[in-house]
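This report refers to the structure that appears directly beneath it.
All values below were derived from every heavy atom in this structure, side-chain atoms included, with hydrogens, water molecules and symmetry-related copies excluded.
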Amino acid sequence: MRRPFARGASLSQSIHTITAAARPRVVIIGGGFSGLSAARALARAPVDVSLIDRHNYHLFQPLLYQVATAALAPNTIAAPIRAILHSQVNVTVLMETVTGIDAVDRSVQIGEQCLHYDFLVIATGARHAYFGHPEWERFAPGIKTLADALTIRQRVLVAFEAAEISAEQSERRRLLNFVLVGAGPTGVELAGAIAELAKASLVHDFREIDPSEARIILIEAGPRILPSFPARLSACAQQTLEKLGVEVRVGKAVTLCDADGVVLAGERIEARNILWAAGVAASPAATWLHVAADRAGRIEVLDDLSIPNHPEIFAIGDTCISKSWEGKPAPGIAPAAKQMGRYTAAVIRARVEGASPPPPFRYRHQGSLATIGRNKAIVDFGWITLSGRFAWLLWVFAHIYFLIGFRSRIVVALDWLWAYVTFRRGARIILAETGGAMAQPWPMPQRP
């Protein structure tokens, strides 16, 4: 087997004591749903695993929007990767940033150092895509990371504070206008949560403004919101949003985005708050490996999730495009990522142990869920669809169940219970000064 590290002793020494020269080394890049599932599934395999992530925590992304809208604190949806894997003795966790992959040398570049592998699992996830306009990101942050969620929370809460002290009615209107671009599950859930924040949680807390007058506009370029759901559920979700006061615009694309608002099919919408939920792009893994990818940068994988001509390299989760769902691409959701991680671990284990390989990967769809607001959600199990309060209860229990850690489940359940009973949100803390790293891209108004 290859040496685990080259060029640089410090990183090598940190895992020297648990590296066995006779055991294959599996390197996993990314501690999200797919990477963590792969690592955990290799717990009893005769391999040594190195899991690399630039953060020290695993993030439950489906609830990021709740952090962004002050419903949950950040630590309730994130857990240290080391704590999750602390009892798995064949795993080493490295908080590092990967800068490249050498498929010929079978090594991963981490700055000036190289980490060699026998098997490589790329689970680097996705980032925002602005359809050829990266300059829009400054004005319209997306929500993929904990930092993104905190940035959005900062901007949303500061907008109400700035409106409270603004002397100009026109500026107040701009500050209380919230534009969300993209009406998939993330955009719909954000729109519903901001509407409830403005029209319920904050409504009695200000003196100069009425937060319930906030205007929330949800924009979708396609013909309907939630296009991955059946048309009946999409219509139901739109009706629920409109009852919450959300304006839904479909069939029109944003053509301009700046600090003062957006342009939508020639119409200018003045807004200081623009949130992006319209598109994603994969990590640069395809560029590192010089392999085929689709327009979103996802690596085209084979039936066993390996990449062509490199059976020792696997791409999983949002990093890949796998036509394993009855000939369609597997969706970019947590259950698909977890299934890919477990499957990849089974392939690696079979090869190491000389066993027969598992059959080709097939994604098993267990259903889709989206919440629109208090007591309102939609559920599509394929064989049955649900909406309303019962669907919302299913959504609540499903998300609590899949959170990692008993403490997180209890804290989230109590936070949701408190918010349900009191209509209050307990994470309404503005962390940074207005000129800090999470500052909004518009100046704070002067007091009259």
Do [X] and [Y] come close enough that some side-chain heavy atom pair is under 4.5 Å?
X    : Y    : answer
C320 : M340 : yes
I274 : C257 : yes
I110 : T99  : no
E161 : I430 : yes
V188 : I225 : yes
V67  : I77  : yes
F178 : L190 : no
V301 : T319 : no

Spell out, as yes or no, whether a donor-acceptor pair under 3.5 Å connects the side chain of [X] to the backbone of [Y].
X    : Y    : value
R409 : L403 : yes
D105 : S107 : no
E189 : T371 : yes
T344 : G341 : no
Y130 : A140 : yes
R349 : R44  : yes
E220 : A183 : yes
D102 : R106 : no
D118 : R25  : yes
N90  : V47  : yes

For [X] against [Y], the heavy-atom pair lying closest together:
X    : Y    : answer
D415 : A71  : CB-O, 4.5 Å
W325 : P331 : CE3-CD, 3.6 Å
A103 : I313 : CB-CD1, 4.0 Å
P46  : P24  : O-CD, 3.4 Å
G317 : S34  : CA-OG, 4.0 Å
G35  : A123 : N-CB, 3.6 Å

Stepwise side chain to side chain contact (heavy atoms under 4.5 Å, CB included) check, I28 with Y117: CA-CA 9 Å; I28 301 173; Y117 61 82; over 6 Å; no
Calculate, to the nearest 0.5 Å, the distance between atoms [atom1] and [atom2] belonging to [X] and [Y] respectively.
X    : Y    : atom1 : atom2 : answer
L64  : L146 : CG    : CG    : 6.5 Å
N273 : I152 : CG    : CD1   : 10.5 Å
F119 : S306 : CZ    : OG    : 11.0 Å
I81  : I52  : CD1   : CD1   : 11.0 Å
K199 : I194 : NZ    : CD1   : 11.5 Å
L305 : I316 : CG    : CD1   : 7.5 Å

Steps toward salt bridge (charged side-chain N to carboxylate O under 4.0 Å, His left out) verdict (D304, R351): CA-CA 12 Å; D304 64 353; R351 291 186 189 175; 3.1 Å; yes
Derivation of the side chain to side chain contact (heavy atoms under 4.5 Å, CB included) call for V181 and L275: CA-CA 6 Å; V181 184; L275 306 180; over 6 Å; no
Heavy atoms of other groups near R362 CZ, more than 12 under 6.0 Å: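 Check passes, neighbour count above 12.
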Heavy-atom neighbours of F390 CZ exceed 12 at 6.0 Å: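 No.
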Aromatic centroids of F33 and H58 separated by under 6.0 Å: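 Here the rings of F33 and H58 have centres that are less than 6.0 Å from each other.
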Proximity of H133 and F131 rings by center, below 6.0 Å: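 So the answer is no for these two rings.
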Check: T92/S50 side-chain N/O donor and acceptor closer than 3.5 Å: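 No.
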D148 and T145: side chain donor to acceptor below 3.5 Å: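 Judged by distance alone, the side chains do pair up.
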Residue pairs passing the ring-ring contact (aromatic ring centres under 6.0 Å, His included) test where at least one lies in residues 285-313, sequence neighbours excluded: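 Output for this query is empty, none listed.
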W276 vs H128, ring pair (Phe, Tyr, Trp, His ring centres under 6.0 Å): CA-CA, chis, key distance, verdict: CA-CA 8 Å; W276 193 266; H128 321 305; 9.1 Å; no
Verdict with supporting geometry, L63 and H399, side chain to side chain contact (heavy atoms under 4.5 Å, CB included): CA-CA 8 Å; L63 292 181; H399 283 72; 3.8 Å; yes
Ring pair (Phe, Tyr, Trp, His ring centres under 6.0 Å) involving H86 - partner list, sequence neighbours excluded: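 By the ring pair (Phe, Tyr, Trp, His ring centres under 6.0 Å) rule, H86 matches no residue at all.
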Evaluation steps, ring pair (Phe, Tyr, Trp, His ring centres under 6.0 Å), between H365 and Y363: CA-CA 6 Å; H365 189 60; Y363 167 64; 5.6 Å; yes
Steps toward ring pair (Phe, Tyr, Trp, His ring centres under 6.0 Å) verdict (W395, W416): CA-CA 12 Å; W395 180 93; W416 282 348; 5.4 Å; yes
Lys/Arg-Asp/Glu bridge criterion (N-O < 4.0 Å) met for R127, D318: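 Here R127 does not pair with D318 in a salt bridge, since their nearest N and O are not under 4.0 Å apart.
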Step-by-step side chain to side chain contact (heavy atoms under 4.5 Å, CB included) determination, Q339 to Q366: CA-CA 11 Å; Q339 290 178 33; Q366 299 164 337; 4.2 Å; yes
